[in-house]
Peer 1: 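Sending over a structure as structure tokens; questions will come in a sec.
In the text below, chain A, chain B and the rest are named by the order of the sequence lines, each starting its count at 1.
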There are 2 protein chains.
Amino acid sequence: METRELRYFVTVAEELHFGRAAQRLGIAQPPLSRAVQQLERRLGAALLDRTSRTVTLTEAGAVLLAEGRAALDAVAAAERRTRRAAASTTGRPALVLVTKAGASNELLAKLLAAYAAEPGAVPVDVILSGPAEQARLLREGRADVALLHRPFDPTDGFDTEELGTEGQIAVLPAGHPLTARAEVRLADLAALPGLPLPRWPDPDGGYPPGPGPKVRDHAQLLQLVALGRACALSPESCRTNLHDGLAAVPVTDAPPVTTVIAWPPHSRSRAVADLVRTATRL
Amino acid sequence: METRELRYFVTVAEELHFGRAAQRLGIAQPPLSRAVQQLERRLGAALLDRTSRTVTLTEAGAVLLAEGRAALDAVAAAERRTRRAAASTTGRPALVLVTKAGASNELLAKLLAAYAAEPGAVPVDVILSGPAEQARLLREGRADVALLHRPFDPTDGFDTEELGTEGQIAVLPAGHPLTARAEVRLADLAALPGLPLPRWPDPDGGYPPGPGPKVRDHAQLLQLVALGRACALSPESCRTNLHDGLAAVPVTDAPPVTTVIAWPPHSRSRAVADLVRTATRL
DNA sequence: GGCATCGATACCCTCCGGGTATGAATCCGG
DNA sequence: CCGGATTCATACCCGGAGGGTATCGATGCC
């Protein structure tokens, strides 16, 4: 199976429309139809049920959509990492670390400092992303390591090492009645009128239904809290970057958050290995 | 990047010889040289250093070899799983579980029985493989789930759930002096004259250097022990399938073995999810 | 220094992937 | 119930990418 065929099929499966898919791919519709037919013949499996009006995925098609995306990601990652490896021999090599904006700042600072002191350390670029993008960045080879927070972030398919566990705090607008309490419970937060928990994007970029404002990163979130439009549940370490207008209260019954360092398997990079080793020694 | 190019490059990188690689690929040497050159141009990176006598990998080439293998595995897995999904709608669907021959037999039997009793259970094919092949079978889509034993088997890139932990026993020829002891230590085993620990194959099929006979599965291993040519370190649960000529002694300072159930990420199969859930409830 | 080995180059040819034009089926509005 | 719009499939053509053979150039070895 060639990646071109896979790309074609995945696009059609996403659009469920040959015309639009062809447009997205920058080719005409007939060759696209043919390519998908050919793929089906070679696989000996129907991937799409088509009438002249509608296209739907078969069981096998759904499998190939999920698996094919993963495979295309792997190919893209191979390409990107190779390019980076090549660039790193000519210029200065750089390691890309991705973490959620506003989370684990202290840990990150300590890690970067400790790693920089290692012999053979390499410049580290830090990307601050929203939580949904981290996995994608790692999978696509745009990043080498990530700091993730279990159980919130998916660690599917990565190698991980635990770095530490912490409790969670409720972040509230300063002056809110609950901020007078020494500690609160999850039920207290759920019952807050007018202060819903925000919604985070899915891995595919959409948002789950429900009340609560949509947020993409921690800064947005804190701003919304300060504005009195939401409340938030965050790891304790966020306390250090709460500014005016925000207050925090420990939540006793929230699940603890584990910070893990994650990297793609098959990574043969000494820099990644060094960074991970440094991290586990903190 | 097309999978054909990747396959070509990976083959050359493995052989470090264009002629042999071309032969393995079933094409002539000149098109292969061209294809690799073209890939290098497109990536803007030298992958191989070639003199007219020898070929060696560059830094970037080593990266692409590792990443490219993973990507090719992912593509192959997508293809195989799609074929299986298609076959499963026409015939009876089957789940393929792979485990090491001769390990965790009780656990496996309990798991299969419990799963079969679930509503919506599907026939399960069991593959007994040598340890080195399990990861490959999962990665290539030939199997859906595996029972692995940490810390011996790599769990890189899979999702896992722990099923249980057990100690290890030394398996010795019946009548060996040590079998009189109630327990032994690792150092006792290392010092045994004429009874080396066997060597297991690497993921790539080769064997590490050293003394000790080469083995591919547990049955071979036990036979060698019975013949007095080796001793072995095995999880306790193996005790149930020791036959005549073999004796077991607990090893007090051996690292405990954790049995985990592992499956590829992105698995959208209900059957896999059911089986895993059943397993964690045992 | 001649020879063998091995990758690169030159050149040719086939077939595959892409384009345009059009057909066939289905849905919809009148 | 009929014509037009929509959408996927088919028919046909063309250019170029990919594969083959012949050969060159470089390098190590006896």
Side-chain angles (χ1 to χ4, degrees), chain A residues 1-62 64-65 68 71-72 75 79 86, chain B residues 1-62 64-65 68 71-72 75 79 86:
Chain A
M1 210 166 29
E2 291 303 310
T3 57
R4 185 180 44 77
E5 306 177 274
L6 252 187
R7 259 195 314 276
Y8 286 7
F9 168 74
V10 167
T11 307
V12 174
E14 283 174 356
E15 295 285 345
L16 291 177
H17 189 293
F18 281 77
R20 277 196 301 276
Q23 207 171 351
R24 253 181 65 188
L25 290 165
I27 64 172
Q29 169 259 321
L32 179 56
S33 287
R34 260 195 338 204
V36 174
Q37 285 177 53
Q38 188 173 319
L39 179 59
E40 286 179 307
R41 265 200 308 279
R42 275 214 279 264
L43 288 172
L47 301 171
L48 299 166
D49 282 326
R50 5 187 178 336
T51 70
S52 71
R53 303 292 298 174
T54 102
V55 177
T56 56
L57 278 174
T58 63
E59 190 76 18
L64 187 58
L65 176 56
L72 290 176
V75 172
E79 183 165 346
Chain B
M1 208 168 28
E2 292 302 311
T3 57
R4 184 180 45 77
E5 305 176 274
L6 253 187
R7 259 196 313 276
Y8 286 7
F9 168 74
V10 167
T11 307
V12 174
E14 284 173 354
E15 295 286 344
L16 292 177
H17 190 292
F18 281 78
R20 276 196 301 276
Q23 206 171 350
R24 253 181 66 187
L25 290 165
I27 64 172
Q29 171 259 320
L32 179 57
S33 286
R34 261 192 338 200
V36 173
Q37 285 176 53
Q38 189 173 319
L39 179 60
E40 286 178 309
R41 266 200 308 276
R42 274 214 279 265
L43 287 173
L47 301 171
L48 299 166
D49 283 325
R50 4 191 183 329
T51 70
S52 71
R53 303 293 298 174
T54 101
V55 177
T56 56
L57 279 174
T58 64
E59 191 75 19
L64 188 58
L65 176 56
L72 290 177
V75 173
E79 183 165 346

Peer 1: How many Å lie between CZ on B/R4 and C1' on D/dG18, as a whole number?
Peer 2: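 So the CZ-C1' distance, B/R4 to D/dG18, works out to 6 Å.
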Peer 1: Check the phosphate of C/dC6 against B/R20, side-chain N and O only, distance under 4.0 Å to OP1 or OP2. Yes or no?
Peer 2: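 False: B/R20 side-chain N/O out of range (4.0 Å or more) of C/dC6 OP1/OP2.
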Peer 1: Side-chain N or O of A/Q38 versus OP1/OP2 of C/dG17: is the shortest distance under 4.0 Å?
Peer 2: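 Yes, within the criterion.
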Peer 1: For B/A21, is there any backbone N or O sitting under 3.5 Å from a side-chain donor or acceptor partner on B/T11?
Peer 2: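 Judged by distance alone, no pair lies under 3.5 Å.
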Peer 1: Has A/Q29 got more than 12 heavy atoms of other residues, nucleotides or ligands less than 6.0 Å from its CD?
Peer 2: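 Yes, because the 6.0 Å sphere around CD of A/Q29 holds more than 12 heavy atoms from other groups.
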Peer 1: Of the listed nucleotides (C/dC6, D/dG20, C/dG19), which one gets closest to any side-chain atom of B/H17?
Peer 2: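 Out of C/dC6, D/dG20, C/dG19, the nucleotide with an atom closest to B/H17's side chain is C/dC6.
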Peer 1: Output the rounded distance in Å from CD (A/E2) to P (C/dC16).
Peer 2: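 Distance check: A/E2 CD to C/dC16 P gives 13 Å.
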Peer 1: Examine the base of D/dT7 for any acceptor or donor lying under 3.5 Å from a partner atom in the side chain of A/R53, and report the outcome as yes or no.
Peer 2: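 Absent.
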Peer 1: Just the rounded figure in Å: distance from C1' of C/dG17 to CG of A/L39.
Peer 2: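 Computing the A/L39:CG to C/dG17:C1' distance gives 15 Å.
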Peer 1: Could you pull out the closest heavy-atom pair between B/Y8 and B/A35, with the gap in Å?
Peer 2: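 Nearest pair, atom of B/Y8 first, then B/A35: CD2-CB, 3.7 Å.
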Peer 1: In whole angstroms, how far is the C1' atom of C/dC16 from the OH atom of A/Y8?
Peer 2: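 About 12 Å, once rounded to whole Å.
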Peer 1: Do any side-chain nitrogens or oxygens of B/T51 fall under 4.0 Å of OP1 or OP2 in D/dT27?
Peer 2: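 For D/dT27, OP1/OP2 do not have a side-chain N/O of B/T51 under 4.0 Å.
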Peer 1: Can you tell me the distance, in whole Å, between the CG atom of B/D49 and the P atom of D/dT27?
Peer 2: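 The distance from CG of B/D49 to P of D/dT27 comes to 14 Å, rounded to the nearest Å.
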Peer 1: Quick one: B/L48 CG to C/dC6 P, roughly how many Å, whole number?
Peer 2: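 Nearest whole value for this atom pair: 16 Å.
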Peer 1: Has the side chain of B/Q37 got a donor or acceptor atom sitting under 3.5 Å from an opposite partner on the base of C/dA8?
Peer 2: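 For B/Q37, whose side chain was compared with the base of C/dA8, there is no donor-acceptor pair (under 3.5 Å).
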Peer 1: Regarding A/S33 and A/Q37, is there a side-chain donor-to-acceptor distance under 3.5 Å anywhere?
Peer 2: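 No, because no side-chain N or O of A/S33 sits under 3.5 Å from a partner of the opposite role on A/Q37.
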Peer 1: Over how many whole Å does the gap from A/R34 atom CZ to D/dC13 atom P extend?
Peer 2: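 My rounded result for the distance is 14 Å.
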Peer 1: Counting just side-chain N and O atoms, does B/R50 come under 4.0 Å of either OP1 or OP2 of C/dA8?
Peer 2: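 So the side chain of B/R50 is within the cut-off, an N or O lying under 4.0 Å from OP1 or OP2 of C/dA8.
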Peer 1: Can you find a side chain N or O atom of A/S33 that sits less than 4.0 Å from OP1 or OP2 on D/dA9?
Peer 2: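 Yes, because at least one side-chain N or O of A/S33 sits under 4.0 Å from OP1 or OP2 of D/dA9.
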Peer 1: Between A/T54 and B/F18, which is nearer to the 5' end of DNA chain C once each is assigned its nearest nucleotide?
Peer 2: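 With B/F18 and A/T54 compared, the 5'-side residue is B/F18.
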Peer 1: Nearest to the side chain of A/P30, heavy atoms from C-beta on, is which of C/dG19, C/dA21, D/dG20?
Peer 2: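 Looking only at side-chain atoms, A/P30 lies closest to C/dA21.
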Peer 1: Please report the distance, rounded to the nearest Å, between CD in A/Q23 and C1' in D/dC8.
Peer 2: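 Checked: the CD to C1' distance equals 16 Å.
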Peer 1: Are any of the side-chain nitrogens in A/R20 or A/E14 under 4.0 Å away from the carboxylate oxygens of its partner?
Peer 2: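 The answer is no: the pair does not qualify as a salt bridge.
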